[in-house]
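Keep in mind that the numbers below use all heavy atoms, side chains included, and drop hydrogens, waters and symmetry copies.
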Amino acid sequence: MTEPALPRTRPDLDALPPYVPGRTVPGAVKLASNETTAGPLPSVARAIADAAATANRYPDSGAAALTARLAARAGVLPENVAVGCGSVSLCQQLVQATCDPGDEVVFAWRSFEAYPIVTQVALASPVPVPLDADDAHDLDAMAAAVTDRTRVVFVCNPNNPTGTFVGAQAIEEFLAKIPPHVVVALDEAYIEYARPGDGRTDLPRAADPALPDAAVPDSLAIARRHPNVIVLRTFSKAYGLAGVRVGYGIGHTSLIGALRKVFVPFSVSTLAQAAAVACLDAEEELLERTEAVVAERARMAAALTDAGYRVAPSAANFLWLPLGARSAEYADRSADAQVIIRPYGDDGVRITVGTPEENDAFLAFATGAEALRIAGV
């Protein structure tokens, strides 16, 4: 019997890499996704519950209340703010709004694994630039990779999955090399966890904040000086709304207007908008939580370093072990020990900073004889 003809889809989708989320294994400690271990604040949970009562109505597609709050907080006009279904959706909107088929998108590699996906979905060409020897962005090489076909450059800062960080002076020097018509997206999903001197290999942990590259960049000020810069942030990480999906971008009105033209209507739910506004109301309390993560990050990094590991300096809520070809086996043995971490091909493994008890469970595995043997330390 002849099989019926199948609907036609784009043939290039067969080569599109899938996005691989962190695994969840019942009963195991999950340190494979960069989530906040603490749940929403009671005030945020109440806002979500109250918003659910109106779930029969469409959300405000323009997210006017949230946009106004974000604009006032950043000292910009609402026309400078775009809200999206997580910052990853804004990444895709940015490529769609700027690229024709065959145009190029430059990003470090490894970096956020959605970058090549959103690029290829828009029929643009990904241009990955290897990280430097310190697992950080090689900004000189990235600037050299820009051609007359380049439309977007993503700088994930702090970088996911390595946690390394680009300081203020390096960002300014990099922007001076980029043509003004090329959009530079400063993707700051983890910026709330960055502290002066974090993520650097050439500065001590207690680096003088007055040193230019010890400073956390004032990315909003950078965007005001450079119309081709857009800052992308999210409520998924420090604000604890990963399951609700809301992010935002701040930039020149021409960029924000373009993002809004390719926005999927109603994709930021009423619940997400209400939760984000409630988080802004409780922002001080939520950001205090990041101090505990930063302290645990330092404790874990010290313990791993003492055990003989090379640990990339992190400014995020995770750590990176550049284990190369041993990464998959290491992650598998960690799973056997009931701790789920995230391997990245033949590059390394990423470990989210969890609760002290969860982190202790990972450290117990990581400092054991089998883990040390696999890691070659």
Side-chain angles (χ1 to χ4, degrees), residues 17-25 28-37 87-88 107-117 128 130-132 134-137 154 156-165 187-194 198-199 201 234 236-238 242 290 293-294 296-305 307 309-355 358-359 361-363 365-367 371 374-375 377:
Y19 182 84
V20 181
R23 284 197 299 159
T24 298
V25 176
V29 171
K30 183 184 179 184
L31 300 179
S33 297
N34 295 328
E35 302 158 329
T36 298
T37 54
S87 58
V88 65
F107 49 84
W109 197 252
R110 279 194 180 262
S111 191
F112 184 30
E113 63 182 306
Y115 295 153
I117 298 173
L131 297 171
D132 66 18
D134 295 322
D135 304 300
H137 282 68
F154 283 107
C156 189
N157 200 36
N159 187 45
N160 176 19
T162 64
T164 49
F165 192 64
D187 188 350
E188 297 187 335
Y190 303 94
I191 195 65
E192 291 86 1
Y193 299 103
D198 277 349
T201 57
T234 183
S236 293
K237 310 305 179 184
T290 64
V293 173
V294 170
E296 277 296 290
R297 181 183 74 198
R299 181 177 75 89
M300 293 176 69
L304 292 166
T305 300
Y309 289 89
R310 182 168 83 83
V311 184
S314 177
N317 67 332
F318 51 84
L319 294 173
W320 172 256
L321 303 180
L323 299 179
R326 302 182 297 274
S327 301
E329 182 184 4
Y330 189 90
D332 287 343
R333 298 293 77 76
S334 182
D336 292 342
Q338 293 295 291
V339 181
I340 310 303
I341 61 176
R342 181 74 178 271
Y344 285 81
D346 288 337
D347 294 318
V349 297
R350 189 191 70 193
I351 306 100
T352 301
V353 177
T355 66
E358 291 171 335
N359 301 334
F362 171 71
L363 291 174
F365 158 75
T367 56
I374 297 171
V377 300

Taking side chain as C-beta onward, heavy atoms only, is [X] less than 4.5 Å from [Y]?
X	Y	answer
Tyr193	Val353	no
Arg297	Val294	yes
Leu131	Asp347	no
Trp320	Thr164	no
Pro130	Trp109	no
Tyr344	Leu323	no
Asp187	Tyr115	yes
Phe112	Phe107	no

Do the side chain of [X] and the main chain of [Y] share a donor and acceptor less than 3.5 angstrom apart?
X	Y	result
Thr36	Lys237	yes
Asp132	Asp134	yes
Thr352	Ser33	yes
Thr162	Asp135	yes
Arg350	Leu319	no
Asn359	Gly354	yes

Nearest 0.5 Å, please: how far is [atom2] in [Y] from [atom1] in [X]?
X	Y	atom1	atom2	result
Asn157	Phe165	CG	CZ	4.5 Å
Glu192	Thr234	CD	OG1	8.5 Å
Leu304	Arg310	CG	CZ	13.0 Å

Please name the residue in the list Thr37, Asn317, Thr355 that meets the side-chain contact (heavy atoms from CB on, under 4.5 Å) test with Val293. Asn317

Glu329 and Arg326: CA distance, side-chain angles, deciding distance, salt bridge (Lys or Arg N to Asp or Glu O under 4.0 Å) verdict: CA-CA 6 Å; Glu329 182 184 4; Arg326 302 182 297 274; over 6 Å; no

For [X] versus [Y], what's the shortest heavy-atom pair and its separation?
X	Y	answer
Gly163	Pro158	O-CB, 3.8 Å
Phe365	Ala371	O-CB, 3.1 Å
Ala366	Tyr309	O-OH, 2.5 Å
Ser327	Val349	O-CG1, 3.6 Å

For Ile340 and Val29, what are the C-alpha separation, side-chain angles and deciding distance, and is it a side chain to side chain contact (heavy atoms under 4.5 Å, CB included)? CA-CA 6 Å; Ile340 310 303; Val29 171; over 6 Å; no

Using distance alone, with no hydrogens and no angle criterion, decide if Asn34 and Arg342 have a side-chain donor and acceptor under 3.5 Å apart.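 Note: Asn34 and Arg342 side chains miss the donor-acceptor criterion.
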
